[in-house]
Every structure is written in structure tokens, then in C-alpha cells.
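Just dropping this structure here.
Every value quoted in this text rests on a predicted model; they were computed, and no experiment measured them.
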Amino acid sequence: MRAIVVMFDSLNRRMLPPYGAEGVHAPNFQRLARSTAMFNNCYAGSMPCMPARREMHTGRHNFLHRSWSPLEPFDDSVPEILKGQGVYTHLVTDHQHYWEDGGATYHNRFSTYEFFRGQEGDAWKGHVAPATAPATLNADNQLTRQDWINREYLKEETDHPQTRTFDAGLEFMQTNVDQDRWMLQIECFDPHEPFFSYDKHRKQYGLEDAEGPYFDWPSYRRVIEEDDVVDRARNEYLSLLSMCDRSLGRVMDFMDEHDMWQDTLLMVCTDHGFLLGEHGWWGKSVQPWYDETIHTPLFIWDPRTNVSGQTRESLVQTIDFGPTLLEFFGVDRTTDMQGKPLVSVIESDEPVREAALFGIFGSHVNVTDGRYVYMRSCATPANTPLFDYTLMPMHMRSRFKVEELREAVLVDGFSFTKGVPLLRVPGWTMGSPYGFGTLLFDLEWDPHQENPLKDTQLEQRMATLLVELMRANEAPAEQFVRLGLPGTGPVGEEHLLIEQHWPQVVASKAPAARVQDFPADAIVATVPLSALLKNQHQRETLVAAMPALGNGASLAMFATRTVVEAAAMTPNLRVAEILKLESALSQADN
């Protein structure tokens with residue numbers, strides 16, 4: 001028995017023809033749907049990239065206890081468990097987060113691994129001189145500057161890290177096609193931004209001769225571009241998706257040629273999706289986890305079932321991926337794993353859960369029963385209390401600062417930490433969910449989540465489901481406090497928030513302020529925040545309006561942006577408020 005996991009990053013199910021997309025060239029995804037069980041109700045859990053991978057390893061959610069992080073010493077790891085049970089595990093990937101501080105413990109859980117460099121501003125090729133970049137509307141930060149350098153070394157599709165990753169996966173398959181008991185994970189960073197592909201794919205969407213600035217890397221914020229610019233970025237994404245489709249086809253071709261379908265499990269999945277202008281937003285993480293980002297594609301061929309060309313409606317999650325692999329190889333899951341093997345879902349669509357929990361550290365905590373989605377905001381603007389629990393004090397791309405660790409306290413752990421105490425460190429987020437309010441949607445009648453509901457009885461039922469799942473996951477006591485939910489006892493009407501938050505819900509749906517809304521020489525539209533924050537009075541004015549600027553980690557993400565661009569990352573700064581800021585900043589400058 002063998003298993004192949006093909007994992008993409010930021011693969012939006014609504015852009016795939018098997019899930020109803022039109023005008024998208026992805027014949028191998030259509031072929032995949034004919035060859036597998038296709039899941040219509042798969043939801044991610046802990047967001048974004050490395051938290052999702054931690055779920056794949058451990059079979060349990062982690063976003064209530066920890067932000068982006070390495071695997072912890074007490075974490076179970078499915079590849080490591082398989083390795084210990086005589087299953088050879090191999091990882092090939094171009095996902096550069098594995099060699100950053102916040103991902104450094106994942107790859108060594110495999111028997112062997114191969115990395116390929118060059119994705120998303122990966123600190124790869126060393127050029128002291130500034131990058132030579134064309135005219136661009138792309139995000140502007142250290143990653144994007146490095147990305148232009150990296151692209152100089154990716155002239156041909158054969159050079160691209162996606163291609164090289166699949167080359168390596170196919171090499172492993174060829175080398176070991178006659179061997180038994182192995183698991184291969186081909187993990188591709190695409191179609192994550194930047195949506196960098198080649199004219200072979202771009203011409204299918206009319207982009208090979210496109211005029212005007214490059215735009216294949218939107219910032220995570222509200223859409224402030226015109227519709228034709230939005231369409232261009234969307235088509236750049238589709239071009240890269242078509243390139244992914246070609247790579248997927250190479251794996252399926254090999255399986256056909258070597259008759260591997262008889263004894264080899266194939267799972268094709270992703271960590272999350274990506275907003276391409278839907279809801280007036282780009283990206284993920286700084287806004288609620290709408291359907292386009294959290295409701296993910298999943299395809300599984302299990303040779304024991306012979307189920308292909310069929311859809312499955314049961315609610316499943318990322319935490320089920322690891323237990324599914326363990327069960328396939330006859331290995332028991334650990335007692336700390338909350339995910340379930342999916343063989344019964346594949347065979348007969350037998351449900352494995354009533355509801356699914358999902359979210360990102362410090363933001364909305366969400367639950368769905370497959371029809372309704374409840375997004376619970378913090379109860380107050382402070383969005384506190386909030387703590388990281390860890391023995392691996394790493395952020396995404398840095399170690400915890402000494403100033404952070406001075407506030408650390410050693411506390412008792414949880415049942416899944418296996419008797420190990422933990423550091424409790426004050427946590428932070430890029431933004432607060434409070435400006436969006438608490439949201440409730442009916443996906444049956446409102447699949448695009450355009451009309452939030454105000455229904456007390458339904459909110460109470462969904463809040464009860466949420467509390468039950470939070471308790472089952474041993475959510476820290478302060479998470480219930482932050483969200484205004486009971487740590488013990490039933491959820492009552494006094495715990496409901498939609499009515500109270502309705503003004504934020506309505507306000508957050510208003511369109512973003514755009515550059516053309518301000519005078520050509522407006523400070524808010526022309527001067528980077530890094531320059532404004534050097535003036536003490538301007539700093540005080542800005543931090544009062546955008547509290548995230550008072551946090552050094554957040555500030556690094558905003559430094560090169562103008563006020564208008566930074567405001568596009570929040571749900572509540574509109575033209576009127578920004579005009580007031582313009583006046584205040586002008587006075588502070590005198």
C-alpha cells in the first residue's frame with residue numbers, strides 16, 4: 001500500500017471546474033473528479049499556512065491556543081508516526097515557510113525531504129543592489145523586492161520551483177514504484193500569490209500581451225482598484241492555477257502508466273483559499289474567513305473502496321487528513337487526535353461530525369453545520385484577553401522578542417501537552433474582528449454570504465455548537481472571556497451578540513476609500529506610514545486611529561503603505577474618517 005498527497009496552497013474551490021467554475025482551463029482537475037470521491041463540504045480549520053499544516057500532522061485544531069508556530073515538542077506528527085511504524089515518508093516542496101523560524105520543525109518529521117527555492121520572496125538569491133522591477137501595482141515590502149530578484153532566475157517553466165517540486169515527486173515515484181509502504185507528499189506553494197506563471201498559461205486568459213503595470217500580488221486589504229485591474233489579477237491567478245493543473249496531470253499520468261490505482265491512495269487538497277475581490281477584499285487573514293477562503297476542495301481515491309466519479313456531502317476537515325492516512329496504513333491514531341479517518345465517508349457518505357470549527361488566532365472563532373456559518377467576534381473593541389501557549393517561541397519569520405518573553409509565565413499545560421507545562425505569552429493579531437461584528441449566514445439561500453442574518457434562535461443554536469466544540473478542544477478560559485461566551489453552563493440570550501454588533505456588520509459592508517477620493521497631494525494618499533510615524537504628534541494621531549500601528553510586529557507590515565492603503569486593511573476607516581486624519585496630520589506637521 002502506498003499513498004500520495006498532492007497539496008496546493010491557496011487553491012480556491014470556486015475557481016475549479018468540478019466545483020462549477022466556468023471559463024477556467026483545468027482539464028486535469030476535471031479528470032481528477034472522475035477518478036476520485038469529491039468532497040463538497042470540506043472545511044479548513046486553523047489558519048493560515050503553518051497552522052493548517054500543524055493540523056495535518058496532529059489531527060487537532062491549534063488556533064485557539066497558538067498563533068503561527070513550529071510543531072511543539074508534545075505534538076503528535078502523522079509522518080513521524082508512520083515512519084516509526086515502517087512506512088517510508090518523503091516530502092518534496094517549494095513551500096518556503098518550512099525554512100523560516102515559524103515552520104522549522106515540520107520537515108524533519110519525514111524520513112527524507114527535498115526543498116526547492118524561489119517562491120514568494122524567498123530569501124534565496126543574494127543581490128546587494130536593489131531589484132530592477134517593472135511598473136507594478138503589487139504589494140510593496142521586503143518580500144516583493146526579493147521576489148523580483150528571484151524571478152530573474154526563473155526564466156523558463158522548467159526553472160520554476162513548482163515544476164521542480166513535481167519533477168522531484170515523480171522521481172521519487174519512479175525510483176520506488178516497485179516498493180511498498182511509502183507515503184509521498186508533493187506540496188506545492190502555488191497558486192499562492194504572487195501569481196507568477198508563463199505566457200503558455202497566461203495566453204489562455206488574454207494576458208500574454210497585457211499592457212499596463214504588473215499586478216499578480218495583491219496586498220491583503222480591501223479592493224481599491226478599478227474593475228479591470230481586479231479582473232487582471234484574477235486572470236493571473238487562473239493562469240497559475242492552469243499551471244498547477246498541468247503539474248497535477250503529470251502525477252495522474254504516472255499513476256496510469258504504472259497501474260498505481262490498484263494499491264495507491266491519492267489525496268489532493270489545499271490549506272485554504274484566497275479572496276480575489278469577493279466581499280470587496282483581497283487575500284485572507286485580515287478579514288473574516290468567508291466561504292471562498294475556508295470551504296476547500298478535497299479529492300480522495302482510496303483503492304479499497306473503488307469509489308470514483310462520486311461526490312460526498314458529509315462535513316469533513318483538515319484535521320481528518322492525518323487520521324485518514326494512518327488508518328490506510330493500519331496505524332492507530334493517538335488519543336489526542338480529534339480528526340476522523342474518512343474511509344466511511346468515501347464508501348457511503350457516512351457523517352463523521354455534526355459541526356466544524358475554524359478560525360485564526362485572535363480573530364473570529366467560527367462554526368458551521370454545513371448549512372449555517374456562525375462567526376463569533378470578540379465581545380469588546382479591546383479583543384482581550386489573548387495569550388499564546390508555547391514551548392517554541394517563534395513567530396512566522398522571527399523569534400519572540402525579549403520584550404515579549406519578559407511577560408511570559410510558566411503555566412500548567414492541557415491534556416494534549418502530555419503533562420508538559422507551557423509558556424503563556426501575551427498574544428497579538430494583525431487586526432481585530434470587532435469592526436466586522438458577529439456574523440451569521442445561511443449558505444443554502446445565500447451561498448456568497450452577502451446577506452448576514454439577525455435571528456436570535458438560530459444564533460443561540462449555533463453559539464451552543466461553537467461553545468461545545470471550543471470546550472472539546474480545551475480552549476483556554478480567556479478565549480471564552482474574549483468572545484463573551486460561557487466557559488461552563490448553557491448559552492443564554494444574554495450571550496448573543498448579533499443585535500449588539502449590527503452597526504459594525506452594516507458599516508463593514510461599505511466600500512473602501514480609494515486614492516481618487518482624495519486630493520492628489522494628500523498626505524494620507526502619498527506619504528508612507530514609516531515617514532509619518534517619525535513625527536511624534538503624527539504618530540500619536542495615527543495610533544489613535546489605527547491601534548495596530550502601536551505594535552512593532554504589525555508596524556513592519558504597514559511601514560511602506562500610505563494611510564489609504566493601510567485603512568484598506570481595516571473594516572471601519574472610511575473616506576470621512578480619513579479626511580479627518582488628513583486634517584489632523586497636516587496640523588501635526590506644522
Crowded around Lys454 NZ? As in, over 12 foreign heavy atoms under 6.0 Å?
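Enclosed.
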Looking only at heavy atoms, which two atoms of Val92 and Ala168 are closest? And how far apart?
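Taking Val92 first and Ala168 second, the nearest heavy atoms are CG1-CB, 3.8 Å.
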Does Arg151 pair with Asp147 as a salt bridge, N-O distance under 4.0 Å?
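Here Arg151 pairs with Asp147 in a salt bridge, since their nearest N and O are under 4.0 Å apart.
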Side chains of Asp256 and Trp261 only: does a donor on one sit below 3.5 Å from an acceptor on the other?
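Looking only at side-chain atoms, Trp261 and Asp256 do form a donor-acceptor pair, the distance falling under 3.5 Å.
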Parallel under 30°, tilted from 30 to 60°, perpendicular over 60°: which one fits the rings of His61 and Phe63?
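His61 vs Phe63 ring planes: perpendicular.
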Decide side chain to side chain donor-acceptor pair (under 3.5 Å) for Glu55 and Ser46; before the verdict, give the C-alpha distance in whole Å, the side-chain angles of both, and the deciding distance to 0.1 Å.
CA-CA 7 Å; Glu55 285 198 349; Ser46 300; 2.7 Å; yes
Under 4.5 Å between any side-chain heavy atoms of Pro452 and Leu439, yes or no?
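With C-beta onward as the side chain, the pair touches.
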Would you indicate whether the side-chain heavy atoms of Arg164 and Glu114 approach each other to under 4.5 Å?
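They are not in contact (no side-chain heavy atoms under 4.5 Å apart), so the answer is no.
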Partners of Glu100 by salt bridge (charged side-chain N to carboxylate O under 4.0 Å, His left out), sequence neighbours excluded?
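For Glu100, the residues satisfying salt bridge (charged side-chain N to carboxylate O under 4.0 Å, His left out) (neighbours in sequence not counted) are Arg397.
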Would you name the heavy atoms of Gly359 and Asn366 that are closest together and state the gap between them?
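Shortest heavy-atom contact: CA-ND2, 3.6 Å.
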Go through it in stages, so that I can follow the logic: the residues are Glu187 and Tyr113, the test is side chain to side chain donor-acceptor pair (under 3.5 Å), and I'd like the CA-CA distance, side-chain angles, deciding distance and then a yes or no.
CA-CA 11 Å; Glu187 187 175 333; Tyr113 53 86; over 6 Å; no
Hey, mind stepping through Tyr106 and Ser77 against side chain to side chain donor-acceptor pair (under 3.5 Å) and telling me if it holds?
CA-CA 9 Å; Tyr106 290 84; Ser77 168; over 6 Å; no
State, yes or no, whether a side-chain contact exists between Cys49 and Arg53 at a heavy-atom distance under 4.5 Å.
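The answer is yes; the side chains approach within 4.5 Å.
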Determine whether more than 12 heavy atoms belonging to other residues, nucleotides or ligands lie under 6.0 Å from atom CZ of Phe254.
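More than 12 within 6.0 Å, yes.
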For the ring pair Tyr374 and Tyr372, is the centre-to-centre distance below 6.0 Å?
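No, ring centres 6.0 Å or more apart.
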side-chain contact (heavy atoms from CB on, under 4.5 Å) against Val230, all qualifying residues, sequence neighbours excluded:
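Here the qualifying residues are Val223, Glu225, Trp282.
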What are the two closest heavy atoms between Thr270 and Pro297, and how far apart are they?
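Closest heavy-atom pair between Thr270 and Pro297: CG2-CD, 3.7 Å.
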Please find out if less than 6.0 Å separates the ring center of His192 from that of Phe189.
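Between His192 and Phe189, the centre distance is under 6.0 Å.
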Indicate whether any N or O donor in one side chain lies under 3.5 Å from an N or O acceptor in the other, for Glu350 and Ser314.
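Their side chains do not contain a donor-acceptor pair, so the 3.5 Å distance test is not met.
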Going by heavy atoms in the side chains, are Leu238 and Met15 under 4.5 Å from each other?
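Yes - at least one pair of side-chain heavy atoms lies under 4.5 Å apart.
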Are side-chain N/O atoms of His448 and Glu292 paired as donor and acceptor at under 3.5 Å?
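No, no side-chain donor-acceptor contact under 3.5 Å.
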On the 0 to 90° scale, with breaks at 30° and 60°, tag the Trp281-Phe436 ring pair as parallel, tilted or perpendicular.
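Trp281 and Phe436: tilted rings.
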Indicate whether the side chain of Asn28 and that of Arg31 have a donor and an acceptor atom separated by less than 3.5 Å.
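Yes, Arg31 and Asn28 have a side-chain donor paired with an acceptor closer than 3.5 Å.
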Between Leu154 and His160, which heavy-atom pair has the shortest distance, and what is it?
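Minimum heavy-atom contact is CD2-CA, 4.2 Å.
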Are Met183 and Phe329 close enough that some pair of their side-chain heavy atoms sits under 4.5 Å apart?
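Met183 vs Phe329: side chains touch.
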Donor + acceptor pair across side chains of Asp291, Gln449 (<3.5 Å)
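The criterion, which ignores hydrogens and geometry beyond distance, is not satisfied for Gln449 and Asp291.
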Is it true that Tyr19 and Phe299 have ring centroids separated by less than 6.0 Å?
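Centroid distance Tyr19-Phe299: below 6.0 Å, so yes.
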For His364, what residues pass the ring pair (Phe, Tyr, Trp, His ring centres under 6.0 Å) criterion, not counting sequence neighbours?
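Here no residue qualifies.
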Can you find a pair of side-chain heavy atoms, one from Asp190 and one from Phe196, that are under 4.5 Å apart?
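In short, these two side chains do not touch, never coming nearer than 4.5 Å.
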On the 0 to 90° scale, with breaks at 30° and 60°, tag the Phe195-Phe274 ring pair as parallel, tilted or perpendicular.
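Ring orientation, 0 to 90° scale: perpendicular.
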For His95 and Phe115, what are the C-alpha separation, side-chain angles and deciding distance, and is it a ring-ring contact (aromatic ring centres under 6.0 Å, His included)?
CA-CA 8 Å; His95 197 284; Phe115 286 158; 9.9 Å; no
Heavy-atom side-chain contact between Thr163 and Arg250 under 4.5 Å
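A side-chain contact exists here, since the closest heavy-atom pair is under 4.5 Å.
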Is any side-chain heavy atom of Pro191 closer than 4.5 Å to one of Leu11?
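Contact flag for Leu11/Pro191 side chains = yes.
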Of Glu354, Glu313, Glu444, the residue whose pairing with Arg371 passes salt bridge (charged side-chain N to carboxylate O under 4.0 Å, His left out):
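Of the listed options, the one satisfying the test is Glu444.
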Can we call the ring centroids of His97 and Trp68 under 6.0 Å apart?
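Yes, close enough.
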Does Leu137 have any side-chain contact (heavy atoms from CB on, under 4.5 Å) partners at least two apart in sequence or in another chain, and if so, which?
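Scan of Leu137 (side-chain contact (heavy atoms from CB on, under 4.5 Å), adjacent residues dropped) gives Pro213, Phe215, Val229.
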Residue Gln310 excluded, over 12 heavy atoms near CD under 6.0 Å
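For Gln310, atom CD is crowded (more than 12 foreign heavy atoms under 6.0 Å).
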Apply side-chain contact (heavy atoms from CB on, under 4.5 Å) to Ser285 and list each qualifying residue two or more places apart in sequence or on a separate chain.
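Checked Ser285 against side-chain contact (heavy atoms from CB on, under 4.5 Å); matches are Pro48, Trp289, Ile360, Met430.
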Mind listing the closest non-hydrogen atom pair of Trp301 and Ser35 along with its distance?
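Scanning both residues completely, I find the closest heavy atoms to be CE3-O, 3.4 Å.
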What I want to find out is whether Arg461 reaches Asp369 closely enough, with some N-O distance under 4.0 Å, to be called a salt bridge.
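Answer for the salt bridge query: yes.
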For Glu156, look at atom CD and say whether over 12 heavy atoms of other residues, nucleotides or ligands are found less than 6.0 Å away.
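12 or below, so no.
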Apply side-chain contact (heavy atoms from CB on, under 4.5 Å) to Gln179 and list each qualifying residue two or more places apart in sequence or on a separate chain.
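side-chain contact (heavy atoms from CB on, under 4.5 Å) check on Gln179 returns Asn176, Trp182.
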Salt bridge (charged side-chain N to carboxylate O under 4.0 Å, His left out) partner of Arg202, chosen from Glu157, Glu208, Glu236
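Result for salt bridge (charged side-chain N to carboxylate O under 4.0 Å, His left out) with Arg202: Glu236.
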